[in-house]
Amino acid sequence: MNFLYFKSGDTRKVVTKDDVAELGLEYALGASIENREAVAGPGGQKGVVFCDSARSGNRQAGYFPDKQTWREMPARDGRPPLYIGYWNDAKPTPESLAREGRLKSVPVIMADDQPWRIPIVRQFNEETGEYESKLPAYLDYDEHGNAVRGRTLDCYQSLWDLTAPVVEPDFGTGDPDEDELKLFTAAVALLQANYVVDLPELAILGVLAADDSIVAAIQIHCRYDQLLRLTQQDSGE
C-alpha cells in the first residue's frame, strides 16, 4: 500500500502527471494517478485525494477520516495546502514503497521496527586515504586507453553530496544541532534512494529517530565496519 495525498482547491480539477511535478511529489507518484474529489477533506477543506494506483493495493483514493491517518505537509510558496495520509489497516511498508532496481544495500531496523535497506554509497580507500564512490558510475578510460570506472551517474550525484558532510573529519565536533541536521538529511537521502519517500513520508511513519538505528544507517552507507577494522589493525588492537 502506498500513501494518499490531498490537494485543497477545486474538486473538479484532477491531479495530472504534470501537476505532480509542480507539487514537488514526482518522487512519490508514477504515471498512473487516481483522483477522487473530497467535499470536506483534511482540515475541513474541499479538494482532491490522489494516489499512485499502481501501488494502491486495490484501495481507491478517497477521504475516510475514521479509517485513515492524515497530516499536513510542509508549506511551499505557490503550492496549495497538501496533506499526506494512509489507510490505518494498510500502513505503507518498506516493501510496498520500494523502488525498482534498488542499489546494493544492507537492511537496518529503523525506529519504526521495520527493515529498511540502506545503500552503500562510499568506501574508504586505505591507499589514498579518501572515500571512493560505490554508486553506479559511467565507463571511462585511463591514460593508457584501458576501460576504468568513471564518475558517479548524474542521478546519484545528489546522494553522494547529501551524505558527504557526515564523513567529514570534523563531523561531530561542531554545533550539535547542525550535526544532527546533517545526520537526518543524510538519512533521508539514503532512504529516498531505494524508496518512494521523502521527509514527510518518513515522518508520518516514524522511521527516523536520533537513536542507534540512524547511526547504523550512516555507518553502513560508508562501510564504516571496514574502516574500523583498518583503524584497529593500524593501532595493533
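All values derive from a computational prediction rather than experimental measurement.
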Undergrad: Do the side-chain N and O atoms of Asp211 and Ser213 include a donor-acceptor pair separated by under 3.5 angstrom?
TA: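 Their side chains do contain a donor-acceptor pair, which is all the 3.5 Å distance test asks for.
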
Undergrad: I need the Lys7 NZ to Glu22 CD distance, nearest 0.5 Å.
TA: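 Reported to 0.5 Å precision, the distance equals 10.0 Å.
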
Undergrad: Are the side chains of Ile214 and Leu190 in contact, using a 4.5 Å heavy-atom criterion?
TA: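 They are not in contact (no side-chain heavy atoms under 4.5 Å apart), so the answer is no.
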
Undergrad: Residues two or more places apart in sequence or in another chain: which of them pass ring-ring contact (aromatic ring centres under 6.0 Å, His included) with Phe3?
TA: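 Phe3 satisfies ring-ring contact (aromatic ring centres under 6.0 Å, His included) with no other residue.
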
Undergrad: Any chance you could measure Asn146, atom CG, to Asp140, atom CG, to the nearest 0.5 Å?
TA: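 Answer for the CG-CG pair, Asn146 versus Asp140, is 11.5 Å.
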
Undergrad: Find out whether Phe124 and Glu132 are in side-chain contact, i.e. whether some heavy atom of one side chain is under 4.5 Å from a heavy atom of the other.
TA: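 SC-SC contact between Phe124 and Glu132 ruled out.
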
Undergrad: Does either side chain, that of Asp19 or that of Thr16, offer a donor lying less than 3.5 Å from an acceptor on the other one?
TA: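 Side chains of Asp19 and Thr16: pair found under 3.5 Å.
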
Undergrad: How would you list, by chain and number, every residue that makes a side-chain hydrogen bond (donor to acceptor under 3.5 Å, both in side chains) with Tyr5, sequence neighbours excluded?
TA: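 Testing Tyr5 for side-chain hydrogen bond (donor to acceptor under 3.5 Å, both in side chains), a comparison that skips the adjacent residues, returns Glu201.
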
Undergrad: What verdict does the salt bridge (charged side-chain N to carboxylate O under 4.0 Å, His left out) test give for Arg59 and Asp89, after you've listed the backbone C-alpha separation in whole Å, the side-chain angles of each residue and the deciding distance to 0.1 Å?
TA: CA-CA 11 Å; Arg59 295 291 185 96; Asp89 63 347; 3.0 Å; yes

Undergrad: Would the distance check show the side chain of Tyr63 and the main-chain N or O of Val39 forming a donor-acceptor pair, the cut-off being under 3.5 Å?
TA: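 Judged by distance alone, no pair lies under 3.5 Å.
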
Undergrad: Is the backbone N or O of Cys51 less than 3.5 Å from a side-chain atom of Glu34, with the two atoms forming a donor-acceptor pair by type?
TA: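 It does not hold such a pair.
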
Undergrad: Which residues pass the side-chain hydrogen bond (donor to acceptor under 3.5 Å, both in side chains) test with Trp70, not counting sequence neighbours?
TA: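 Trp70 satisfies side-chain hydrogen bond (donor to acceptor under 3.5 Å, both in side chains) with Gln68 once adjacent residues are dropped.
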
Undergrad: More than 12 non-hydrogen atoms from neighbouring residues, nucleotides or ligands closer than 6.0 Å to CG on Asp212, yes or no?
TA: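 Counting neighbours around CG of Asp212, 12 or fewer heavy atoms of other residues, nucleotides or ligands fall under 6.0 Å, so no.
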
